[in-house]
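The chains referred to below are lettered A, B, ... by the order of the sequence lines, with proteins before strands, and numbering in each begins at 1. Side chains are part of it too, since the values below use all heavy atoms of this structure and drop only hydrogens, waters and symmetry mates.
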Amino acid sequence: MACLSSLLEYGTAKVIVIRSRVVGSVFRLIQFLIILYVIGYVCVVQKSYQVNDSVISTVTTKVKGTGFTNISGLGAHVWDVADYNIPPEGESSFFVLTNMIITPNQMQSSCPELPDQSTICMSDCDCTEGSSDVRGNGIQTGLCVNYSETVKTCEVLSWCPLEIDTDLPENPLLAGAENFTVLIKNTVTYPKFNFHKRNILPDVNSSYLKQCEFNRITDPHCPIFRLKDMVAEAEEDFQTMATRGGVLGILIDWSCDLDFPEHYCGPKYSFRRMDNKNPENNVAPGYNFRFAKYYKTTDDVETRTLIKAYGIRFDVIVFGTAGKFNIVPTIVNVGAALKILSLANAICDWFLLTCTKRNKLYHKQKFDYLDETNVNDGESTEETTFGTQ
Amino acid sequence: MACLSSLLEYGTAKVIVIRSRVVGSVFRLIQFLIILYVIGYVCVVQKSYQVNDSVISTVTTKVKGTGFTNISGLGAHVWDVADYNIPPEGESSFFVLTNMIITPNQMQSSCPELPDQSTICMSDCDCTEGSSDVRGNGIQTGLCVNYSETVKTCEVLSWCPLEIDTDLPENPLLAGAENFTVLIKNTVTYPKFNFHKRNILPDVNSSYLKQCEFNRITDPHCPIFRLKDMVAEAEEDFQTMATRGGVLGILIDWSCDLDFPEHYCGPKYSFRRMDNKNPENNVAPGYNFRFAKYYKTTDDVETRTLIKAYGIRFDVIVFGTAGKFNIVPTIVNVGAALKILSLANAICDWFLLTCTKRNKLYHKQKFDYLDETNVNDGESTEETTFGTQ
Amino acid sequence: MACLSSLLEYGTAKVIVIRSRVVGSVFRLIQFLIILYVIGYVCVVQKSYQVNDSVISTVTTKVKGTGFTNISGLGAHVWDVADYNIPPEGESSFFVLTNMIITPNQMQSSCPELPDQSTICMSDCDCTEGSSDVRGNGIQTGLCVNYSETVKTCEVLSWCPLEIDTDLPENPLLAGAENFTVLIKNTVTYPKFNFHKRNILPDVNSSYLKQCEFNRITDPHCPIFRLKDMVAEAEEDFQTMATRGGVLGILIDWSCDLDFPEHYCGPKYSFRRMDNKNPENNVAPGYNFRFAKYYKTTDDVETRTLIKAYGIRFDVIVFGTAGKFNIVPTIVNVGAALKILSLANAICDWFLLTCTKRNKLYHKQKFDYLDETNVNDGESTEETTFGTQ
């Protein structure tokens, strides 16, 4: 019964209300500033009342365009997408071949290693049969043979003739690649909010898509990009980048506030060179890789054409977080903000008890002191003590 | 000394306890509701007491099955995984070829461009030597030649004969691909919690894995999926999708509550078509890409077979966040919840001072007014003022 | 006017200050512990005053090294990067071929299926024309033919001769692959903080990069890794792993505290085997895939060399979150911490009113009781009641 009755008690703090214009103004000003901050910054700028989800994305790309080279020895050659796009299909990146070193008709045989410090030899004693350098091109046979009339190098078992990758064309062979276009189709999903959208927005139609080209000002929603424009947006020169290769990031930002209607949520494109073009503090600058086309001669001997492919890899990087109102972060933030609001009281108390003229009076009204010594005097005196306060 | 003694003071608010059933009940009710909310929603539903980590994942896939085509000109042809899975290996996606346009025996030479508005010509004057349209197939030679008996088009340097990609088979050539199966091996890691798990759960054994097939009801843990079933789960028709190609997302959700034992944390599979099948508001619908097989004739001339490959790309998308109890979010959320709890007092104060019969009495007891004017009267009167309250 | 004057009122709680060493000490101790916790754990350990962003990353890899095999039938063969790195270029993973089953000179024709329970036959009646098993190698012709002198199996249309994948070499053919090196170039971006960095740190120069090799103790910043070392760091044996293949994760952790200067933010490498090597509870252990090289004979018949490629796929997994001071989480956490601080009062009140000798006195001073019954007596008695308290 006592328990129940204590359950139905309600305790509320005793309050001294100070009717002072100065203190009151200070108090309201501080309160106002805190509320302004909470609404303005926490809610509007940082959207702390939202829960977030990370984007899930699928990208498909399709490059269009035809290039033309006239390499001595190979003759005129037209390159279409099946030739310059290697591998034919990537998950979210594509590669456009712009420059290359072609070594045709390689066969498994033995030939002198390319000359450098470790391969130049005087006699067979300088070569070790079976040894293989990680930077070399094959397995040494143990013989020292003529590389040129003046230089002898160790012979290696390898795909011969060896590739000589020092004479890279100074201008990209496929200079015309700058006019190729790429169609990027991107679908994003925010699984937490069951939200799905494509970068081809609902308000564009098929006939527009067949002939448009992305332009930040006139065609910001067109998903077809000219390679040159993308490189230019990243503040790079296409021809320079194409010579030694590089990696260009196509960043698609899908950050969205899903409390707004769906059509406010769209892709924002930006472009950035992702590799380091700075020749200092760098190793193997640019971007290249080797691949081979394999053939068989009529004698059933395998030959290959080795291609050291320089080019631009375009990485489509989709990122973003979507936010939507949710009660939990709201409660947490409102709770925290309320607590900050109660700081206003702490500040005003301090102002009241130190900076006002009548601070001693306020102090006496606010605080009742209960000394241990007083208490020792017994209950009767104690009551008196309080009476005279 | 004064400083030390003030350090050992303890201030506690004076409280008026109101023994009223009405006010007490209201107070306890509000308290109860807030506590209920905190426990029920914040803790149980939203798990705000946890820190989160994002999943890191590795996927390997292995497709099984053999297809059969009988294309006029090519004859009977059996397709195995090395033929239809292009490229042979992807990071977390694989492609199954289902339809194609094959253009065999292409060679670098010149031939009339495919007729359309910009390529039809009357005489050589209509063609520009060296020009290349991004939507065209090669470099114009400047000649106007017969494409057919009635139509003349500009001649281009290109891989000839040109591909005619308008007569795509209406039914997918590799219709049998619907019965192919794929084994998906997926390992996930939550680095923050040092948690590692595979989608092959510990309770399945090798003999089961050799013959099982995923079924949402009977075999939900089998990592072997029939292609047709996955497409059906995404509410699409395999044969329709296979004709023009498409992208199917295999979504694996690894969201886990790691406060529970490890075996509660498992993969949840779902399937979704990721590209847009809607023919309106679309460009290049479906999914296709071109690749070529290169050969050399006995005269050392390069020829190629160009294949425009239509098919389904399966993207394995692994996502999820794991949560585990952590003291920091707990403190933050409990702190915020406690602050919300103190709202109960604010509400009850308002109720007490406005809605109860004796609100004036409560008001008088709770508040001591300290007017600026009173104060001006000096300390003596002030004391009197308080005495008569 | 009344409204305005009430706006300028300031209410502050009445406080009883207890000058007791015991209570004061307890209070200060609890306060100290809470503040210690907030500063120590929330701020220093968990950095709750920061906002976070997830990493965006680009990876390029370049493998170096030459392997040598001497397979019976094929003869001596040197393997360079264009041969063993399949496909030539991945987004953030690369594959190194270490073991293989080669089936050369396959042609579209018919041959007896490999013998197993479902393919062994007595007569043509046991075979079904046109049927195709998902685990088989082709389309049955309906004939039952001699597989060997003692066994008859159903004939299939397929690439013949069929691959016999049971005699995998017990030691990896390309055992020398353990000495290959890989250069990993990794650029990361935290878009929220406009932060960009590479794994090639500014303090390393080109000449060092040309010859260094990663070593956790002596060369922790060198981005060139020997394959054997990486596998060893994952506590695996290279030769064992190379025989049946596997997936090795190269984890690069870019977790950074961006309140510190930029050069404190660097990559932390770790290595982990991602697939399951445990032969129990496993299907298709290791990692392998099939690919083919296509040739044409002089009669224009397509032949292929099928390669079942076993090897190690290296997945470069970049992860991490960066944190930077931000006012919103700081406010939220300080607010919550302050609220926790106010728990100190609740604990002390409880201590004061139950555990101290003079708890009844404190109780009387802190609480004014206002009974419903008292109140019913009218205002005059009420005042008396309070006077005698």
Which answer fits [X], side chain, backbone, both or neither, if we ask what part of it has an atom under 4.5 Å from a heavy atom of chain A?
| X | result |
| --- | --- |
| B:Phe289 | side chain |
| B:Ser92 | both |
| B:Phe27 | side chain |
| B:Ser25 | both |
| B:Ile307 | neither |
| B:Ile317 | side chain |
| B:Asp315 | side chain |
| B:Ile18 | both |

Heavy-atom distance under 4.5 Å to chain B: side chain of [X], backbone, both or neither?
| X | answer |
| --- | --- |
| A:Val59 | backbone |
| A:Thr305 | side chain |
| A:Thr298 | side chain |
| A:Thr189 | side chain |
| A:Phe180 | backbone |
| A:Ile56 | side chain |
| A:Pro191 | side chain |

Check your understanding: Which word best sums up how the rings of B:Phe314 and B:Phe94 line up, parallel for under 30°, tilted for 30 to 60°, or perpendicular for over 60°?
Key -> parallel
Check your understanding: Should A:Lys14 and A:Asp368 count as an ion pair when the cut-off is N to O under 4.0 Å?
Key -> no
Point to revise | Pairs of heavy atoms under 4.5 Å with chain A: top-ranked of B:Ser132, B:Ala13, B:Ser158, B:Ala292 | key: B:Ser158
Practice item. Quick one: which of B:Asn345, B:Asp349, B:Ile139 has the most heavy-atom pairs under 4.5 Å with chain A, could you say? Key: B:Asp349
Check your understanding: Regarding B:Asn288 and A:Lys62, is there a side-chain donor-to-acceptor distance under 3.5 Å anywhere?
Key -> yes
Point to revise | Side-chain donor-acceptor contact under 3.5 Å, B:Tyr294 with A:Asp83 | key: yes
Point to revise | Sub-4.5 Å side-chain heavy-atom contact between A:Thr187 and A:Arg198 | key: yes
Looking at [atom1] of [X] and [atom2] of [Y], how far apart are the two atoms once the value is rounded to the nearest 0.5 Å?
| X | Y | atom1 | atom2 | result |
| --- | --- | --- | --- | --- |
| A:Ile102 | A:Thr69 | CD1 | OG1 | 7.0 Å |
| B:Lys366 | A:Thr12 | NZ | OG1 | 3.0 Å |
| B:Arg135 | A:Thr181 | CZ | OG1 | 6.0 Å |
| A:Lys210 | A:Asn205 | NZ | CG | 9.5 Å |
| B:Leu352 | A:Tyr10 | CG | OH | 6.5 Å |

Review point. Of all of A:Leu183, A:Asn326, A:Asn179, which one pairs up most often with chain B through heavy atoms under 4.5 Å apart?
Key: A:Asn326
Check your understanding: Who among A:Lys357, A:Arg226, A:Lys185 has the most heavy-atom pairs with chain B under 4.5 Å?
Key -> A:Lys185
Practice item. Taking A:Asn186 for its side chain and A:Asn199 for its backbone only, find out whether a donor-acceptor pair lies under 3.5 Å. Key: no
Study note, to complete from the structure: B:Glu163 meets the side-chain hydrogen bond (donor to acceptor under 3.5 Å, both in side chains) criterion, sequence neighbours left out, with B:Arg290
